[in-house]
Amino acid sequence: MKANYLDELNEQQREAVIHINGPLMIVAGAGSGKTKVLTTRIAHLMQNGVDAFNILSLTFTNKAAREMKERVERILGGNEARNLYIGTFHSVFARLLRAEAHRLGYPNDFTIYDTDDAKSVLKTIINELNLDDKHYKPNFVYNRISAAKNSLMGPEEYQHDYYVQQEDMRANRPLIGKIYDMYAKRCFKNGAMDFDDLLFKMYVLLKSFPEVLHKYQHKFRYIMIDEYQDTNPAQYEIIKLLGAVHENICVVGDDAQSIYSFRGATIQNILQFEKDYDDARVVKLEQNYRSTKSILNVANEVIAHNKGQIEKNLWTDNADGDTIKLVRTMTDNEEGKFVADTIAEQKLRNHYDNRDFVILYRTNAQSRSFEESLRRKAIPYRIYGGVSFYQRKEIKDFVAYLRITMNTRDEESLKRIINYPVRGIGKTTIEKTVVFSNEHNITMWEVLERAKEFGFKGGTLEAIDGFVTMIRSFQAMLGKHNAYDISVNVGKSTNIVKELFNDKTTEGLARYENVQELLNSIKEFTETPDEEGELLDKSLGSYLQQITLLTDADQGGNEDSDVVKLMTIHAAKGLEFPVVFTVGLEETLFPSGMSINTREELEEERRLFYVAITRAKARLWLTYANSRYRFGNLVQNEPSRFLEEMPEKFIDRSYAGGGAIRNAFGGGGNGGGWGAGGGSNMFDKMQKKAPASPQNTQPRPAPKPTTGPASTHVPTPGFAPDDPAEMEPGMQVEHQKFGFGTIQSMEGAPNNRIATVVFPKGGGEKKIMLNYAKLRIVR
DNA sequence: TTCAGCACGGTTTTT
DNA sequence: CCGTGCTGAA
């Protein structure tokens with residue numbers, strides 16, 4: 001143990017760390033050393049005689065949990081830290097449920113359904129009820145059920161809650177309660193829990209079994225919760241139960257960074273804390289150690305536009321630093337190119353490594369243009385998020401075998417693999433099996449086991465028996481072999497590995513590699529030495545329990561490889577980078593068009609913007625594009641309203657081309673001279689202004705906006721851009737996308753000229769930034 | 001029973 | 001634009 005660990009803290013930090021008994025709330029501004037305080041506090045508790053076995057520390061991401069564990073180990077030295085319970089809400093509760101689930105009638109080796117599994121079950125149910133899945137969209141229904149569970153509302157209550165029923169009636173979807181009920185029963189029958197069940201059932205367990213509650217209340221005598229502003233009512237109630245005896249609850253949060261209300265999180269929890277525990281000590285960490293003054297000032301000013309907040313004053317001793325750069329480009333592709341170019345330039349000019357950069361966006365779909373431009377410049381990068389490794393079809397198929405081996409009740413997995421690889425169990429057979437299982441109230445697996453009884457014969461019976469025998473052979477390995485041995489056997493016996501190997505198409509090759517990677521990861525899991533992870537259990541069940549809770553961001557051990565990182569702002573919470581690009585700052589994109597209907601929604605978007613800004617230590621670029629491709633066609637966007645909320649003093653707008661930019665902010669904030677002429681973006685505006693009626697499926701716009709067939713122009717062979725310096729009004733030019741046009745006028749600084757060009761076939765008048773777009777002089 | 005070809009619909013954000 | 005799901009032919 002480092003003896004001087006208290007010396008490295010400022011006064012407030014120290015105050016938080018040395019508070020041992022009783023409730024404590026730490027309001028921790030961005031970059032104020034929150035993780036340091038939490039980890040030091042754990043060490044301090046242990047130094048003062050608290051047993052590691054009695055400490056529970058909950059985080060939101062596996063990444064945060066891992067980091068916390070590592071840092072505690074570093075402070076403590078030795079190996080006591082391994083006895084701490086540190087993990088995400090979901091993984092910790094999954095682990096506890098794995099010990100207790102039988103009390104609720106679930107197998108202890110219950111399957112964890114990810115979002116896709118859950119939606120698939122919902123879809124089956126919706127079809128069984130003969131409902132139209134275009135009206136009862138699985139996605140919508142799932143969100144509804146998820147919200148109910150996060151508020152601890154079961155199917156019964158849901159169907160009898162007046163307010164909820166009114167909502168569903170108004171949405172013209174009165175049967176959601178019925179679907180919820182069937183869904184819950186189906187999951188139970190399948191021996192499966194979805195993500196929300198891990199919280200919901202945990203609560204039910206503690207509430208229904210006093211002896212269980214008592215056990216864990218005394219085990220977890222000290223509880224710490226990170227990112228408390230992102231907890232939902234279910235999490236809140238569980239914590240309250242667990243902490244009720246000792247009240248040694250320490251929560252850390254920042255109301256300004258609450259960005260998960262869509263997942264049921266409520267900022268109320270943090271505001272409520274002092275009321276729940278009237279002797280609660282509150283400590284505020286207000287000194288920011290991360291960012292320059294410029295960055296922090298901009299952040300503070302932006303967040304000041306939100307109403308209700310906990311009073312605090314975040315300040316820093318750091319240098320002023322560079323101004324924030326605001327950059328406008330014509331298209332999303334140019335935005336990508338600009339960022340890649342700037343990264344290359346900054347690497348040279350300021351000696352940054354790739355790992356110093358992050359590109360942050362609102363939606364995963366935005367990553368594409370950056371990938372392309374980075375690849376073109378040969379800058380290594382890595383995308384976090386998006387389609388997770390474990391969501392790939394080939395991986396899900398393989399994992400389905402492992403799941404069914406552990407839990408034969410799991411119909412979702414059974415249906416996936418019953419005829420994969422093809423073994424002659426077709427649609428008809430599967431349907432019959434489902435019917436028999438419903439008629440006799442047994443699982444599909446049991447029907448298959450007794451196939452002969454149920455009248456299957458000939459080739460079908462043989463196929464079924466072969467399948468059953470194979471799964472049983474996997475099950476026979478369970479007690480004696482670890483997850484890896486079983487998986488290798490699954491790969492061989494099912495022929496999956498060989499089949500993929502023989503597929504020589506590009507996709508086939510990728511799939512083969514993915515399955516190999518899966519096997520490698522299982523191997524790694526089984527071979528990781530005990531002192532590293534808390535999971536001493538190398539069984540298949542233990543492996544399956546954790547992978548479903550793994551995010552893409554958690555994968556791949558090479559955390560510190562030298563690459564540029566790309567991720568959503570949500571995924572970036574808790575991280576910091578020397579250089580940050582926050583991109584796509586446009587209305588309808590950021591703030592998202594889905595979240596501008598209420599003040600609450602908009603304020604959450606603003607907090608998200610705040611999170612993005614405060615990730616930056618030294619340099620920050622904010623970019624937006626005049627137009628971008630969405631669903632394959634070009635749409636125009638106005639600059640994000642957030643950009644107008646920033647103090648001029650710290651912003652360098654001229655970076656993108658002087659007067660023209662300011663122009664855009666000029667006339668009534670409604671994008672002055674920039675838009676491609678004509679009514680092209682009228683449609684967008686009308687849609688935006690239309691009263692929010694999410695329930696009425698909006699008719700597709702029959703006539704496409706006539707922005708002009710931007711992509712139909714084929715550049716003349718040998719198209720090469722000419723030097724912008726040579727261009728002047730009156731010239732005929734060719735643009736790669738917009739075709740031929742005439743330069744009307746020029747503006748902007750000499751090294752960043754902007755031409756107004758009329759393209760008769762390319763959508764009329766456009767402003768072209770010559771440094772980014774390329775024009776060829778025709779004459 | 002399977003696979004190819006097309007139509008359609010979908011974009012927040014994550015455990 | 002891209003992936004999914006449905007339809008129809010072998």
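None of the values given here were measured: they were computed from a predicted structure. Proteins come first, then strands; the chains are lettered A, B, ... in the order of their sequence lines, and each starts at number 1.
- Separation of atoms CZ (A:Arg607) and NZ (A:Lys573) is listed at 11.5 Å; rounding is to 0.5 Å.
- When the C1' atom of B:dT13 is taken as reference, atom OH of A:Tyr260 falls 7 Å away, rounded to whole Å.
- In this structure, A:Lys134 places its NZ atom 9 Å from C1' of B:dG9, rounding to the nearest Å.
- Within the nucleic acid shown, A:Asn139 comes within 4.0 Å of sugar-phosphate atoms alone, with no base atom in reach, counting heavy atoms only.
- Residue A:Asn419 is in sugar-phosphate contact alone, with no base atom involved, counting any heavy-atom pair closer than 4.0 Å across all strands shown.
- Dashed line: the shortest gap from a side-chain N or O of A:Lys137 to OP1 or OP2 of B:dG9 is not under 4.0 Å.
- Candidate nucleotides C:dC1, B:dT12, B:dT14 were compared by shortest atom distance to the side chain of A:Arg368, and C:dC1 ranks first.
- Each of A:Glu605 and A:Ile425 was matched to the nucleotide of DNA chain B holding its nearest heavy atom; the match closer to the 5' end belongs to A:Ile425.
- One can place CZ of A:Phe140 at 16 Å from C1' of B:dT12, the figure rounded to the nearest angstrom.
- Inspection of the A:Gln366 and A:Thr363 side chains reveals an N or O donor paired with an N or O acceptor under 3.5 Å.
- Taking CG from A:Asp332 and OG1 from A:Thr623, the interatomic distance works out to 10.5 Å, rounded to the nearest 0.5 Å.
- Nucleic acid contact class of A:Phe60 (heavy atoms, under 4.0 Å, all strands): sugar-phosphate only.
- A salt bridge is absent between A:Glu67 and A:Lys63; no separation between the charged side-chain nitrogens and carboxylate oxygens falls under 4.0 Å.
- For the pair A:Phe262 and B:dT12, the ring geometry does not qualify as stacking, because the centroid separation below 5.5 Å and plane angle under 30° are not jointly satisfied.
- Rounded to whole Å, atom P of B:dG10 lies 11 Å from atom CE of A:Met594.
- Of the listed nucleotides (C:dC2, B:dT14, B:dT12), B:dT12 has the atom at the smallest distance from the side chain of A:Arg362.
- For B:dT15, neither phosphate oxygen OP1 nor OP2 lies less than 4.0 angstrom from any side-chain nitrogen or oxygen of A:Asn62.
- Distance check: A:Lys201 NZ to A:Phe93 CZ gives 15.0 Å after rounding to the nearest 0.5 Å.
- Looking at A:Lys34 and A:Asp254, no side-chain N of the basic residue comes within less than 4.0 Å of a carboxylate O on the acidic one, giving no salt bridge.
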Can you check nucleotides 3-10 of chain C for protein contacts, nitrogen or oxygen pairs under 3.5 Å, and list what you find?
none

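- A:Thr428 has a side-chain polar atom (N or O) that falls below the 4.0 Å cut-off from OP1 or OP2 of B:dT1.
- Between the NE2 atom of A:His90 and the C1' atom of B:dT15 there is a distance of 4 Å, given to the nearest Å.
- For the pair A:Asp132 CG and B:dC8 C1', the interatomic distance rounds to 14 Å; values are reported in whole Å.
- Looking only at distances, no side-chain donor or acceptor of A:His90 sits under 3.5 Å from a matching main-chain atom of A:Leu198.
- A sub-4.0 Å separation between OP1 or OP2 of B:dT14 and a side-chain N or O of A:Thr115 is absent.
- Note on A:Asn364: a side-chain N or O is less than 4.0 Å away from OP1 or OP2 of B:dT14.
- One interatomic measurement links the two molecules: CZ of A:Phe195 to C1' of B:dT14, which rounds to 8 Å at whole-angstrom precision.
- Remark: the A:Glu412 side chain and the A:Ser120 side chain contain an N/O donor-acceptor pair separated by less than 3.5 Å.
- Taking atom CG on A:Leu608 and atom P on B:dT12, their separation rounds to 14 Å, with Å as the unit.
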